[in-house]
Amino acid sequence: MMNVAVVGTGYVGLVAGACFAELGHHVVCVDNNQAKLAILRAGRLPIYEPGLEEMVPKNASRGRLRFTDDLATAVRECEVVFIAVGTPPGEDGSADLRHVMAVASQIGKNINGFKVVVVKSTVPIGTCDKVRAMIAPETTHPFAVVSNPEFLREGVAVGDFMHPDRIVVGADSEQAVEVMRRLYRPLTAEGAKFLVMDVRSSEMTKYASNAMLAARISFMNEISALCETLGADIENVRRGVGADDRIGPAFLKAGVGYGGSCFPKDVAALLRTAQDAGVTLGILDATVSANDRQKSRLVTMVQEDFGGDLRGLKFGVWGLAFKSQTDDMREAPSVPIIEGLLAAGATISAYDPAARETAGAIFGDRITFANDPYQAIEGADAVLLVTEWAEFTAPDWERVWALMRERRDGETRPARALYDGRNLWEPRDLIAQGFSYRGIGRR
Ligand code: NAD
C-alpha cells in the first residue's frame with residue numbers, strides 16, 4: 001500500500017485515482033474546481049465513464065479514496081504525487097502548460113521529504129525538465145520528476161487502466177523507478193508490460209502514439225473517398241488490410257473524422273513542437289488537413305442530394321459525443337456537421353444517450369434534443385448517424401421508415417435518406433427496404 005496524491009480529477013485523474021485505490025493504495029484526489037469536488041463528495045460523478053460509478057463510492061467508503069482542494073496537505077502526506085491536470089491547446093496549437101506549472105510550483109513549496117512527482121498529463125517533450133526546474137528552487141528535500149503518460153481511452157477508461165498494453169515510465173533515477181514499480185506492481189503481476197526509458201523518450205512516446213493513430217484514421221478516410229469514386233467498399237478493404245499482422249485491425253475505420261480531447265490537440269501540439277525545432281512532419285500536416293476535410297464530408301453529401309438551401313428540411317442526428325460511451329463533446333465532429341446544416345437553414349433534432357448536457361452547452365436552443373432515437377427522426381427528411389453508440393446499430397427499421405417523412409409529389413430529392421457516418425449499417429439491406437443510403441466509402 002502506498003499513499004498517492006492525484007492532482008486534477010478529470011477523465012484521467014479520476015480514473016487513475018479510483019483505479020489506484022481499487023488496487024489497494026490510499027489515494028487523495030485534488031482539484032481546484034469546487035463544484036466538481038462537491039459532486040464527488042456527494043458520491044456522484046462529474047463525468048460519464050462506465051465502471052467508475054461503482055468504483056468511486058466503493059473505495060471512498062473503504063476510506064481509500066478522498067477528494068480535496070488542499071494540495072499542500074496532500075503533498076505532505078504522499079510519497080507519490082501525480083500531475084493529471086488539463087493541457088489544453090494554446091492559441092498557437094502548443095500545449096498550454098499553465099495548470100501543470102501552477103501545480104508544480106505548489107508541490108515544490110510543500111515537499112517535506114523524498115517525493116516522486118509524476119507527470120501524467122500529456123505534455124510536450126522537455127516539460128518534465130521544466131517541472132523539475134520549477135520545483136528545485138522551492139525545496140531542499142530530494143525529489144524526482146517522472147514521466148508516466150496515460151494511454152486510456154474515454155468510454156473504456158477503467159478497463160484500459162486496469163489492463164494496459166504497456167506502462168511507460170520515463171525516469172532518470174533508479175529510486176524513482178523503484179517507487180513506480182511498487183505502485184504498479186498489482187498490474188505488472190497480472191502481466192502488464194512496464195517499459196522504463198529516459199524522460200524525453202517517454203514524453204515523445206505519448207505524442208507519437210496518438211499521432212500514429214490519428215494518421216491511420218486519416219489514411220483510411222482518404223482511401224474511403226477513393227473507394228467511393230472507384231466503386232470499392234472501404235469496409236471490405238478495411239477487413240482485408242486489417243488482417244495483415246504487420247498492420248492489425250485497430251483504428252482503421254473510416255468515418256466522420258477523429259475528434260475528442262486528445263487527437264486534435266496532441267497532433268497540433270506535436271506539429272508546433274516540430275515547427276519550433278525546425279523539423280518537418282509532413283505526414284502529420286496531411287493527417288490534420290485530411291481530418292478537416294473529413295468533418296465536412298456528411299454535409300457535402302447532404303448538399304449534393306438536397307441542394308445548398310436546406311430551409312424547410314428536418315434532419316435527425318443520432319449521436320453527438322465525439323465517440324460512443326462518453327459524454328465528451330470536445331472537438332466532436334457532430335459540431336461542424338450540425339453547424340453546417342444549420343447554416344444552410346436546416347432544422348435539427350438530435351439524440352445522444354449521454355451527451356445531452358454537454359451538447360446543450362454548445363447548441364443551446366438552436367437544435368431540439370430528443371429523448372430517444374425515434375423521437376429525433378419524427379418527420380425527418382434524413383437521418384445522420386454521427387456517433388457509433390451500440391443502440392444505433394440495429395434500430396427498428398420499420399419504425400424508422402414509418403416515422404420519416406414521405407417523398408412529396410414530384411420531388412426529386414431523396415426521401416428517407418440515411419447518412420451513415422460510422423459505417424454501422426448494411427447498405428444493401430437498407431436500399432432493398434427503400435431507404436436512400438450513403439455511408440463513408442461504401443458501395
Ligand atoms: P480534464 O479537463 O477532464 O481534467 C483536468 C482537471 O484538472 C479538471 O478537473 C480541473 O479542474 C483540474 N485542474 C486544473 N488546474 C488545476 C489546479 N491548478 N489544481 C488542481 N486541479 C486543477 O482533463 P483530462 O481529459 O483528464 O486530461 C488531463 C491530461 O491527461 C491532459 O494532459 C490530457 O491530454 C491527458 N490525457 C487525456 C486522456 C483522455 O482520454 N481524456 C487520455 C490520455 C491523456
Side-chain angles (χ1 to χ4, degrees), residues 5-19 28-40 45-50 52 67-75 81-90 93-110 118-125 127-128 131 134 147-161 164-168 202-203 205-211 213-214 258-270 321-323 325-332 358:
V6 181
V7 188
T9 312
Y11 286 90
V12 167
L14 185 56
V15 170
C19 289
V28 52
C29 283
V30 185
D31 209 288
N32 60 2
N33 181 328
Q34 296 300 336
K36 224 173 219 192
L37 290 172
I39 293 171
L40 286 162
L45 292 185
I47 54 166
Y48 172 83
E49 185 59 52
L52 271 191
F67 301 98
T68 181
D69 62 353
D70 185 356
L71 175 59
T73 306
V75 170
V81 183
F82 277 88
I83 301 178
V85 295
T87 47
S94 65
D96 182 346
L97 292 177
R98 258 177 300 173
H99 303 307
V100 170
M101 297 319 276
V103 171
S105 157
Q106 287 188 61
I107 291 173
K109 290 186 172 67
N110 291 288
V118 188
V119 179
K120 199 162 231 348
S121 301
T122 302
V123 292
I125 295 89
T127 300
C128 285
V131 166
M134 177 67 96
S147 160
N148 172 221
E150 183 50 58
F151 299 98
L152 64 76
R153 294 164 297 171
E154 286 175 23
V156 285
V158 171
D160 280 353
F161 195 92
D165 290 340
R166 76 299 208 190
I167 297 157
V168 172
S202 167
E203 291 172 328
T205 298
K206 173 65 191 175
Y207 279 105
S209 299
N210 273 0
L213 294 171
Y258 62 76
S261 65
C262 291
F263 285 4
K265 149 176 103 61
D266 293 349
V267 168
L270 186 55
F322 86 91
K323 65 173 187 176
Q325 300 292 331
T326 181
D327 61 351
D328 199 338
M329 284 294 295
R330 288 179 282 187
E331 302 280 337
T358 43

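No experiment lies behind these values; they were computed from the predicted model shown. Order of listing sets the numbers, starting from 1, for every ligand and every atom in it. Positions are given from 1, in the same order as the sequence printed here.
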Would you indicate whether the side-chain heavy atoms of [Y] and [X] approach each other to under 4.5 Å?
X	Y	answer
V6	V28	no
L40	L45	yes
L213	F263	yes

Nearest protein heavy atom to [atom], by residue and atom, and its distance?
atom	value
atom 35 (C) of ligand 1	T122 OG1, 3.4 Å
atom 25 (O) of ligand 1	R330 NH2, 3.3 Å
atom 41 (N) of ligand 1	E154 OE2, 2.7 Å
atom 1 (P) of ligand 1	G10 CA, 3.9 Å
atom 5 (C) of ligand 1	G86 N, 3.5 Å
atom 7 (O) of ligand 1	G8 CA, 3.4 Å
atom 15 (N) of ligand 1	H99 ND1, 3.5 Å

Report the part of [X] (side chain from C-beta onward, or backbone N, CA, C, O) that has a heavy atom under 4.0 Å from ligand 1; answer both or neither where that applies.
X	answer
V123	neither
R98	neither
S121	both

How far apart are the closest heavy atoms of K120 and E150, and which atoms are they?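 Looking at all heavy atoms of both residues, the shortest contact is NZ-OE1, 2.9 Å.
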Near [X], which atoms of ligand 1 are under 4.0 Å from a heavy atom of that residue?
X	value
A84	28 (C)
K206	43 (C)
K36	8 (C), 9 (O)
L152	40 (O), 42 (C)
T9	6 (C), 9 (O)
E150	43 (C), 44 (C)
N33	11 (O)
K265	33 (C), 34 (O)

Is it true that T87 and R98 share a donor-acceptor pair across their side chains at a distance under 3.5 Å?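 No donor-acceptor contact under 3.5 Å links the two side chains.
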Looking only at side-chain N and O atoms, does K109 offer a donor or acceptor that is under 3.5 Å from a partner on S105?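 Yes, K109 and S105 have a side-chain donor paired with an acceptor closer than 3.5 Å.
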Can you tell me how far [atom2] of [Y] sits from [atom1] of [X], rounded to the nearest 0.5 angstrom?
X	Y	atom1	atom2	result
I39	Q34	CD1	CD	12.0 Å
D69	D31	CG	CG	9.0 Å
S94	K265	OG	NZ	11.0 Å
Y207	C262	OH	SG	10.0 Å
L52	F161	CG	CZ	11.0 Å
T326	I47	OG1	CD1	7.5 Å

Could you name the option among [options] that has the heavy atom nearest to [atom]?
atom	options	value
atom 8 (C) of ligand 1	L40, L14, D31	D31
atom 29 (C) of ligand 1	V30, V85, D266	V85
atom 18 (N) of ligand 1	V12, T87, N32	N32

Between R330 and E154, does any side-chain N to carboxylate O distance fall below 4.0 Å?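 Between E154 and R330 there is a salt bridge, with a charged N closer than 4.0 Å to a carboxylate O.
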